[in-house]
Amino acid sequence: MTAIGLDVANLSLVDAADAVRQGEVSAVALLEACLANLDAHEDAVNATIWVDKEGAFAAARAADTKRAAGGPIGPLHGLPLAHKDMYYQAGRLSTCGSAIRRDFVPDYSATVIERLAAAGAYAFAGLNMAEFAQNGTGHNRHHGDCRNPWNLSYITGGSSSGSGAAVASRFTFAALGSDTGGSIRLPAAANGVSGIKPTQTRVSRYGVMPLSFSADNVGPLARTARDCARIMSVIAGHDPRDPTSAEMPVPDYEAGLNGDLRGVRVGVPKTYFLDDVDAPVRAAFEASLAVLAGRGATLVPLTLPLMDAVATYASVVSRVEGATIHAEWMRQRPHDFATHINSRMFPGLAIPGTYYVEALSRRGPILKAFATEVFGQVDLLATPTIRICLPTIAATDVDDGPPGTEQLALGISINTRPFNYLGLPAISIPCGFDPNGLPIGLQISGRPFAEDAVLQAADAYQRDTDWHTRRPAIPAA
Amino acid sequence: MTEKSKFADDMTASIATWHGVTPPNDVALRMLGDLEKLIRDFEALRGTLRFEDEPSSFEAALREAASIGVRR
């Protein structure tokens, strides 16, 4: 409890930042609240790989001193954040969720870490993740499986497992994740938080562990779409150290959030994304469409083009690039990978270069054809983030499960992966709970560089719903 | 180890030849078998798309697609 009379760790990132700015709460109080939750529940959730409490208190005290001095402060001033343990910070551990990099300490920092720091935030923990960001479930043989705070027997989604679980558990106000096939949106959906994968090239990847050069994206997970908007305004934009980052202007994403969806056309796919969807997921999805319509959006049923090509080529690109990056370790240290990781990478080595070139060379034409057909009719697409009710950790344990377990585990990302190949922005926000009490996610995508429209729709939805405000009652381990 | 198909044998030999990597476990062999479906899916796309003659890049496609259908 604090001077403003509530658990400040339960504030949204934006509310917490504004409370610091107004002097209603100190940076030290925010940190103490987050660490209290961490101390109470980390044994159960296993969301972190390392925590630097001493450094965190030093940063929080410095933030309070700076604010007291009366100078200008940034939009994230005094906020304790924690990130997927693959964002390089000079002099700090960055395990990448692996055994191979268990002791890796980079000597430089990621651009996004520097931009968050320039905005006033500081990082106090490295969060659990799938080994080298290579599964969609959150299993980790080396650092322990991350467990869903809504029910510890269930998966957190991955690969940014700790990012989703830590935000939901109120260990931090937000966390960076990375998304190559759904690794921000899946844990956002599974943990009942908000998470956005930006347009390919929108955010710098300098100082971020690579998995798939063509499909990797950096983005935030936080309680609300507005929180994501504030972080996106800080981290997006060209970075000379990442020559693949786009030289496109970055709007003030938060300023565009007005709750008004009149004139916005939302496409509802009639194919692919709703194939074999579980009934509770379908019900939550359909209810969410009504909320968007209630805000003025026009719903437009659509048959999406080229989805077979998108799914097939996406699989080729991600398999080949993931295998290529890790090929040397696959030769030299094969037994330092978990079974479900090296088994996933191994087949990628058999795919011919001609397939890979074909898959990549058709990416641009497919995007343009898809955009012409889809965004000629609508502004946004809405889909379920995950088609099925969340499975348990045991049911998706490829290392110890029966044959076929890998298919269930890989199927988690079937609705998220297409947007990586297409390079489109996509957010997942909570839209309900399944009969087991696990969260369900709504995915909203849009045109390239239309993060503003995606965030606006997500924020409008959250003005009329309270799924994003719900907090898990975390049981003991 | 599980019984391997001729396809898995061929792929395993190819990977060993080109990359010097051996199958790390049974799951890897099962997932190697999944490539048969990927090949079928890939081949099913034959003739549905063609290569563009002119130089292009995905980054340019992103910029171009950003304005498609935008109402002024």
Side-chain angles (χ1 to χ4, degrees), chain A residues 199-201 214 244 246 248 263 306 308-309 311-313 315-316 319 323 327 330-331 334-335 337 339-340 342-347 349-351 355 358-372 374-379 398-399 403-407 423-424 447-450, chain B residues 1-4 7-72:
Chain A
T199 304
Q200 192 75 40
T201 72
S214 301
T244 68
M248 298 278 282
L306 296 167
D308 288 345
T312 300
Y313 292 144
S315 179
V316 168
R319 285 169 187 251
M330 292 171 73
R331 276 186 286 274
H335 301 298
F337 291 105
T339 294
H340 69 281
N342 57 16
S343 65
R344 183 172 175 164
M345 293 188 295
F346 181 69
L349 297 173
I351 296 175
Y355 270 37
E358 189 168 338
L360 272 186
S361 67
R362 290 187 168 156
R363 195 180 183 201
I366 286 176
L367 169 62
K368 287 190 280 189
F370 183 93
T372 300
V374 173
F375 296 124
Q377 301 180 64
V378 300
D379 304 297
V398 174
D399 288 14
T405 305
E406 60 270 20
Q407 299 305 329
L424 302 175
R447 296 180 180 87
F449 304 104
Chain B
M1 299 290 266
T2 54
E3 185 177 342
K4 291 198 294 181
F7 176 84
D9 280 340
D10 290 348
M11 291 297 107
T12 299
S14 173
I15 291 171
T17 300
W18 285 100
H19 302 287
V21 177
T22 55
N25 47 55
D26 283 357
V27 183
L29 290 173
R30 289 204 302 268
M31 296 185 74
L32 196 59
D34 295 343
L35 289 184
E36 288 189 273
K37 179 181 184 309
L38 181 66
I39 293 170
R40 286 196 303 273
D41 292 345
F42 205 92
E43 295 304 320
L45 297 169
R46 290 273 180 249
T48 63
L49 297 160
R50 66 174 182 81
F51 284 99
E52 292 187 331
D53 291 338
E54 302 303 328
S56 65
S57 74
F58 184 64
E59 290 70 21
L62 282 171
R63 289 192 297 273
E64 185 177 336
S67 59
I68 291 176
V70 175
R71 293 184 293 189
R72 306 295 176 190

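Letters go in sequence order (proteins before strands), and every chain restarts at 1.
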- What part of B:Thr22 is in contact with chain A, defined as an atom under 4.5 angstrom from a non-hydrogen atom: side chain, backbone, both or neither? backbone
- Task: Might you point out which heavy atoms bring B:Ala61 and A:Gly364 nearest each other, and give the distance in Å?
- Result: CB-CA, 3.6 Å
- Query: What is the distance from atom CD of A:Glu406 to atom CE of B:Met31, rounded to the nearest 0.5 Å?
  - Reply: 6.0 Å
- Message: So for A:Phe449, is it side chain, backbone, both, or neither that comes closer than 4.5 Å to the heavy atoms of chain B?
- Response: side chain
- Message: I want to check something: taking the side chain as every heavy atom from C-beta on, are A:Ile351 and B:Leu38 in contact at a cut-off of under 4.5 Å?
- Response: yes
- Message: With a 4.5 angstrom heavy-atom cut-off, is it the side chain or the backbone of B:Leu35 that approaches chain A, or both, or neither?
- Response: side chain
- Message: Using heavy-atom distances under 4.5 Å, tell me whether A:Ala309 contacts chain B through its side chain, its backbone, both, or neither.
- Response: both
- Query: Is any side-chain heavy atom of B:Trp18 closer than 4.5 Å to a side-chain heavy atom of A:Leu349?
  - Reply: no
- Query: chain B heavy atoms under 4.5 Å from A:Met248: which part of the residue, side chain, backbone, both or neither?
  - Reply: side chain
- Query: Of the backbone (N, CA, C, O) and the side chain (C-beta and beyond), which part of A:Thr199 lies under 4.5 Å from a heavy atom of chain B, both, or neither?
  - Reply: side chain
- Message: Nearest 0.5 angstrom please: A:Thr312 OG1 to B:Arg40 CZ, how far?
- Response: 11.0 Å
- Check whether A:Gln407 gets within reach of chain B through its side chain, its backbone, both or neither, counting any heavy atom under 4.5 Å. side chain
- Contact list for residues 361-371 of chain A, test side-chain hydrogen bond (donor to acceptor under 3.5 Å, both in side chains), sequence neighbours left out: A:Tyr313-A:Arg362, A:Glu358-A:Arg362
- A:Asp379 versus chain B, heavy atoms under 4.5 Å apart: side chain, backbone, both or neither? side chain
- Task: Heavy atoms only: give me the nearest B:Asn25-A:Ser343 pair and the separation to one decimal.
- Result: OD1-CB, 3.5 Å
- Query: Which region of B:Asp34, side chain (C-beta onward) or backbone (N, CA, C, O), has a non-hydrogen atom less than 4.5 Å from a non-hydrogen atom of chain A, or is it both or neither?
  - Reply: side chain
- Look at A:Phe370, A:Phe375, A:Tyr355 and state which one has the largest set of heavy-atom pairs under 4.5 Å with chain B. A:Tyr355
- Would you confirm whether A:Arg344, through its side chain, and B:Ala28, through its main-chain N or O, come within 3.5 Å as a donor-acceptor pair? no
- Distance col, row A:Leu306:CG vs B:Thr48:OG1, nearest 0.5 angstrom, shows 7.5 Å
- Query: Mind checking whether B:Pro24 and A:Phe346 have side chains closer than 4.5 Å, heavy atoms only?
  - Reply: yes
- Task: Measure A:Val398 against the heavy atoms of chain B and call it side chain, backbone, both or neither at under 4.5 Å.
- Result: both
- Query: Would a 4.5 Å heavy-atom cut-off, applied to side chains only, mark B:Arg30 and A:Pro403 as touching?
  - Reply: yes
- Query: In terms of heavy-atom proximity below 4.5 Å to chain B, should A:Leu360 be classed as side chain, backbone, both, or neither?
  - Reply: neither
- Considering all heavy atoms of both residues, which atom of A:Gly376 and which atom of B:Ile68 are nearest to each other, and what is their separation? N-CG2, 4.4 Å
- Item | Under 3.5 Å donor-acceptor, A:Arg447 side chain and B:Ala65 backbone | no
- Query: Which value, rounded to the nearest 0.5 Å, describes the distance between A:Leu367 atom CG and B:Phe58 atom CZ?
  - Reply: 5.0 Å
- Message: On a heavy-atom basis, which atom in B:Leu62 and which in A:Gly423 lie closest, and how many Å separate them?
- Response: CD2-O, 3.8 Å
- Query: So which part of B:Arg71 gets closer than 4.5 Å to some heavy atom of chain A, the side chain, the backbone, both or neither?
  - Reply: side chain
- What residue in B:Arg46, B:Lys37, B:Glu59 has the most heavy-atom pairs under 4.5 Å with chain A? B:Arg46
- Item | Heavy-atom closest contact (B:Met11 atom, A:Ala350 atom, distance) | SD-CB, 3.8 Å
